[in-house]
Each structure stands twice: as C-alpha cells, then as structure tokens.
Amino acid sequence: MTTGGSPPGFCRDCLTAAGAGAVCAACGGPRLLRHAELNDLAIAHVDCDAFYAAIEKRDNPALRDQPLIIGGGRRGVVSTACYLARLHGVKSAMPMFKALALCPQAVVLPPDMEKYKGVSRRMRALMDALTPLVEPLSIDEAFLDLTGTGRLHGAPPALVLARFARRVEAELGITVSVGLSYNKFLAKLASDMDKPRGFSVIGRAEAAAVLAPLPVGRIWGVGPATQARLGRLGFKTIADLQRAPLDRLVRAVGEDGARLWRLARGEDVRRVTPDSRRKSLSSETTLASDIADPDQLARHLRAAADVVGRQLRAEGLHGVTATLKLKTSDFRLVTRSRKLERPTQTAADILEATLPLLAAEADGRRFRLIGVGVAIGEAEAPAGLDLPGLDLDAGTGERRLKLEQAMDRVRTRFGQASLGQAGLGQAGLGLKARAGRAVSAENDVGEPETGRRRD
Ligand code: TTP
Ligand code: MG
C-alpha cells in the first residue's frame with residue numbers, strides 16, 4: 001500500500017490506497033489515513049459516538065440537526081448529549097437543569113435501553129465476524145485483537161476496521177470512532193482522540209511523545225483520588241512519570257508504581273480477553289430425607305435463593321432468568337424457568353419468580369433435591385454509571401437490594417449465624433454454591449462504590 005516515500009494509507013471513505021495527495025485520488029474525499037506503522041498494528045478500541053443520541057437521531061430524522069439530550073428520569077441527569085449539544089457545554093452526568101440552562105433549545109428524550117441494547121448486540125455481531133478476540137467494555141465499546149487475521153480478511157487490521165466502521169454506518173445507522181495501536185491502553189486512548197467518526201493510530205515510534213503532555217489522570221486506572229495524590233508528589237503530566245526512575249515511583253506510590261512507570265512509557269501487557277464471564281450461578285441441596293411438604297420445600301428454596309443472591313452481589317453480577325430445579329425421589333429431574341422482572345442481585349426477586357413454579361410442582365410428589373439457579377445477563381446499565389434508565393423501575397428492586405446488602409454487612413460483621421438463613425433456623429443443611437466459590441460479602445464492606453471509572 002506504500003506509494004513512493006509516503007507512509008502506507010488508504011481513504012476511509014472509499015477504502016482505496018492513498019496516494020501522496022492531500023485528498024483521495026479515487027473519490028476526492030478528505031479522510032485519508034496514513035501512518036508509518038499502519039500495517040503493523042492490530043489492537044483496536046472501538047467506541048460509538050454519542051451512542052444513545054445517535055440512535056435516536058437515526059430513528060427520527062427530524063432530530064438530526066437539533067441539539068439532543070438523552071436523560072432525565074428521577075435523578076435528572078444527562079445520559080448523553082449529541083455533539084451539537086456538546087458545543088454548548090452539555091456533558092454526560094450533568095444535572096438536567098444545568099444542561100438546559102446551557103442549551104435551552106435542546107430536545108430531551110428519555111433513554112430506551114432495550115433499543116440501545118439491541119443496537120449493541122448487532123454491533124457485537126459485526127465485531128465477532130472480524131476476530132474471536134472481542135472484549136466488550138460497555139454497551140457501546142469494545143477491544144478487538146486482530147493479530148493474525150490478515151489472511152482471513154485479505155487485508156491488514158487497519159483496513160478491516162475502516163471497513164467495519166463503514167458497515168456500522170450503513171447497517172446500524174450510527175458512527176463509531178476507532179483507536180488502533182499495539183496495546184489496549186494506547187488503543188483506548190487513541191479512539192478518544194479524534195471523535196466523532198474518528199480513526200486514530202498510535203505507533204511504537206510516537207507513543208511516549210503522545211503520552212508525555214497528557215495529565216496522569218488519562219492513565220488507565222488512575223482515578224481522581226490517585227491523580228490528586230500523584231499531583232502532590234509532583235507527578236502532574238505523564239511526562240513527569242516518564243522522567244522518574246522506577247525505584248522512586250515504587251517508593252512513592254507502592255506496588256502500583258511499576259505499573260504506572262510502564263504505562264507512562266506506553267507499555268501494557270494485558271491481553272484482549274473475550275467475554276469469559278460466568279454464564280450462570282446456582283445453589284442446590286440434596287435433602288436428608290425426601291420431602292413432599294410445600295412449605296418445607298419453600299424454605300429450602302429460600303435458602304438456595306439466598307445463597308445465589310449473595311453470590312450475585314459478591315461478584316457484581318445480575319441474574320436475568322431463574323430456574324427451579326427439583327429431583328424426585330425416583331431421580332427424575334424437573335427444571336422450570338422464568339424470566340425475572342428485572343436484572344437482579346436479590347434473593348427476593350429470585351423467589352418471586354420461583355415460588356410460583358414450586359407451588360405448581362409441589363403436588364404431593366416427594367423430592368430428594370431442590371435448588372435454584374440464575375442465568376447471568378446484563379445489568380440495566382454499565383456499572384458505576386448514573387443511568388436514568390435504571391430509574392424507571394427503581395422502587396421495589398432497589399429497596400430489596402438495599403435490604404439484602406444491609407444483611408450482607410451484618411453477616412460480614414457478626415458472622416453467618418447472626419441472621420440465620422432466611423428463617424431456616426438450622427445449620428448444616430449442606431447448602432453448597434455449585435459455582436464452587438465460598439460466598440463472601442467482601443464487596444459490601446463499607447459504602448457501595450459509586451462513580452467508578454469504566455476503564
Ligand atoms: P460513552 O461512550 O461514554 O458516551 P457516548 O457514546 O454518548 O459519547 P462519546 O463516546 O462519543 O463521547 O457512553 C456510552 C453511552 O452510555 C452513552 O451514550 C450514554 C451512556 N452513559 C450514561 O448513561 N451516563 C454516563 O455518565 C455516561 C458517560 C454514559
Ligand atoms: Mg461512546
């Protein structure tokens with residue numbers, strides 16, 4: 001793809017190889033991408049532009065040239081704003097009244113999470129066609145490792161990604177920004193550098209120089225608190241970190257110092273790991289003697305739901321479907337499933353779905369085993385984000401979660417026996433979480449985390 005002495009490149013509109021000119025010789029378009037290392041880089045980060053707003057604009061062309069804010073709900077904050085509204089200073093997480101003071105002419109729409117998830121799934125399918133190594137980070141972004149896919153695609157990763165971006169525009173009606181580099185940290189940084197509809201490349205040759213002027217807060221995992229601490233130690237920009245000897249950084253900030261030292265140089269060894277999260281969780285009990293009594297069975301179901309709920313909370317996962325499992329005295333397996341009212345972390349929600357299933361099965365047959373499981377699904381919103389989408393049905397679900405989290409804290413502090421187990425009043429039932437991990441409530445010590453950075 002190299003032409004004469006200019007670095008390899010292509011036109012992002014028509015995808016033909018770029019000549020030496022400032023515009024594409026084939027289509028006249030200005031979106032030429034050139035980079036000396038273009039054909040050697042394979043780690044990408046893709047992030048949709050103004051995701052919720054872009055989808056709403058797609059679905060209602062009358063909104064196209066209007067400033068658009070998605071948000072509202074009980075908390076009254078901005079989920080996202082289109083780029084037009086951003087020109088007025090509107091930002092994600094800003095209180096709605098402030099956003100409207102900055103941009104009174106903005107159109108405001110509530111989020112439609114189901115629709116956005118659908119678009120997210122379709123985008124994911126397009127990504128899965130490029131490489132098996134796709135690691136989603138949130139509803140609208142993912143890492144892709146395209147190493148070794150040249151033969152499959154008959155093109156280097158950069159061109160494959162440009163094709164992908166065009167395809168998303170044509171098939172999904174929204175735009176993405178792409179960052180291409182040789183590791184995750186730099187790819188994510190790059191995708192943010194040229195938004196919207198961007199394509200940025202960070203090669204090995206310039207990584208340190210690109211990083212140098214940035215504030216330390218741009219480093220993966222450096223949140224506001226760490227940034228302030230580093231600032232007090234004299235590390236304000238990444239250049240400050242680049243200049244510091246490794247041992248000084250380690251002395252100053254502890255173990256994390258070595259990681260910072262490496263990231264400041266653009267070194268990041270984390271792999272792109274495809275979605276390998278847990279798909280289900282369950283807990284079941286083989287009964288000491290076979291039971292037919294519906295009330296006794298319900299008590300065991302409660303205990304099992306309790307275990308599953310605690311494990312969901314401990315792992316920060318959400319159940320979306322609940323399955324009741326029974327084994328009759330003659331070893332026949334009965335399973336009955338029901339979709340949960342909402343993605344949940346509570347035993348109460350799991351029971352609400354499964355107690356009626358049990359009532360239908362407890363018809364006098366004797367059972368030797370009872371248990372409950374959940375299929376893990378997406379929470380209503382990416383963790384840590386203040387999503388008004390969550391507010392639509394906050395009441396019951398949120399109350400139940402708070403209550404069970406409070407119980408977790410009591411258990412953590414005073415031990416399991418302090419609460420009994422969902423009114424079972426006996427120990428040693430032989431409950432075991434089949435997930436194979438002891439249930440702990442470590443994550444519930446102290447206040448729930450809020451405002452977590454997504455990177
Ligand atoms: P982002 O990718 O952070 O934002 P964006 O896609 O709207 O805009 P861009 O990437 O071009 O800067 O988040 C993706 C979606 O997640 C966003 O459309 C709405 C939602 N979101 C919230 O609901 N609250 C928030 O605070 C943030 C940051 C995002
Ligand atoms: Mg985005």
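By convention here, the first residue in the shown sequence is residue 1. Counting starts at 1 for both ligands and their atoms, following the listed order.
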side-chain hydrogen bond (donor to acceptor under 3.5 Å, both in side chains) test vs H45 passes for just one of S181, S177, S191, namely S191
In terms of its nearest heavy atom to atom 17 (C) of ligand 1, the top option of T175, D49, V77, T80 is T80
Checklist entry - Does E141 have a heavy atom less than 4.0 Å from any atom of ligand 1? => result no
Exercise. Would you mind checking if R166 and E169 are paired as a salt bridge, meaning a charged N to carboxylate O distance below 4.0 Å?
Key: no
Looking at D192 and K195, is any side-chain nitrogen of the basic one under 4.0 Å from a carboxylate oxygen of the acidic one? no
- Does an N or O anywhere in A50 fall below 3.5 Å from an N or O of ligand 1? yes
Listed as residue and atom, the protein N/O/S atoms under 2.8 Å from the Mg ion (ligand 2) are D47 OD1, C48 O, D140 OD2
**Prompt:** Does even one non-hydrogen atom of C48 get within less than 4.0 Å of ligand 1?
**Reply:** yes
Heavy-atom contact under 4.0 Å between Y83 and ligand 1?
yes
Atom pairs and distances, donor-acceptor, side-chain atoms in residues 91-99, under 3.5 Å, two or more places apart:
| residue | atom | partner | partner atom | Å |
| --- | --- | --- | --- | --- |
| S92 | OG | S79 | O | 2.8 |

Original post:
Can you find a non-hydrogen atom of K91 under 4.0 Å from ligand 1?
Top reply: no
Salt bridge (charged side-chain N to carboxylate O under 4.0 Å, His left out) filter on D247, not counting sequence neighbours, yields R251
N/O donor-acceptor pairs under 3.5 Å from side chains in residues 80-87, not counting sequence neighbours:
| residue | atom | partner | partner atom | Å |
| --- | --- | --- | --- | --- |
| T80 | OG1 | R86 | NH2 | 3.3 |
| Y83 | OH | R86 | NH1 | 3.2 |
| R86 | NE | A81 | O | 2.9 |
| R86 | NH2 | A81 | O | 3.2 |

